[in-house]
Amino acid sequence: MNIDDLDIYKKFVSKYTSNKKKVLDGLNKLKSILDAESRETTEMLEVYRKYMAGEKLDSDSIEKANKQFADLLKNAGLLGVFALPGGLVAIAFLVKLGNKFGIDILPKSFKD
């Protein structure tokens, strides 16, 4: 192995290591987002169950549940677009277009 091969190998290992950290960081962030969404959805369903059972609820609980439901709809819409060919580019375009018209299409968990 000559010196040029060793340099190429070191660059490759360096790139792999730095990208591995980025990927792991991204996956950890996605995990925390999904954990939060799951917890909030469970709370939302509990509020709706109580509402359907005729229990008295404060307006803050209902408003929070409704916001979580809107987030679920946004997530479902983004997932549908993401599944299409070129979906990632389409999502970026839709976010820009939504911002232009004052429409927020991103769920709150992706803004933190």
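Note that the structure is a prediction, hence the values are computed from the model and not measured.
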[atom2] on [Y] to [atom1] on [X], rounded to 0.5 Å:
X	Y	atom1	atom2	answer
Ser38	Ile33	OG	CD1	13.5 Å
Leu94	Ile103	CG	CD1	10.5 Å
Asn99	Ile105	CG	CD1	8.0 Å
Leu79	Leu84	CG	CG	10.0 Å

Test: [X] and [Y] ion pair at under 4.0 Å:
X	Y	value
Asp35	Lys31	yes
Glu43	Lys64	yes
Asp25	Lys21	yes

Close side-chain approach of [X] and [Y], heavy atoms under 4.5 Å:
X	Y	value
Met44	Asn66	no
Gln68	Glu37	yes
Glu55	Arg49	yes
Leu78	Leu106	yes

Taking atom CZ as the centre, does Phe69 end up with more than 12 heavy-atom neighbours from other residues, nucleotides or ligands that are less than 6.0 angstrom away?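 For Phe69, atom CZ is not crowded (no more than 12 foreign heavy atoms under 6.0 Å).
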When clusters are formed by joining ILVMFWY residues with side-chain heavy atoms under 4.5 Å apart, either directly or through shared neighbours, do Phe93 and Phe82 land in the same one?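 Yes: a chain of side-chain contacts under 4.5 Å links Phe93 to Phe82.
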Least distance between heavy atoms, Val47 atom then Leu57 atom: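 In this case the closest contact between Val47 and Leu57 is O-CD1, 3.4 Å.
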Is there a donor-acceptor pair closer than 3.5 Å between any side-chain N or O of Ser14 and the backbone N or O of Lys10?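 Not at all, since once roles are kept as given, no pair shorter than 3.5 Å links the two residues.
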For Asp58 and Ser61, test the side chains for any donor-to-acceptor distance below 3.5 angstrom and give the result as yes or no.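 The criterion, which ignores hydrogens and geometry beyond distance, is satisfied for Ser61 and Asp58.
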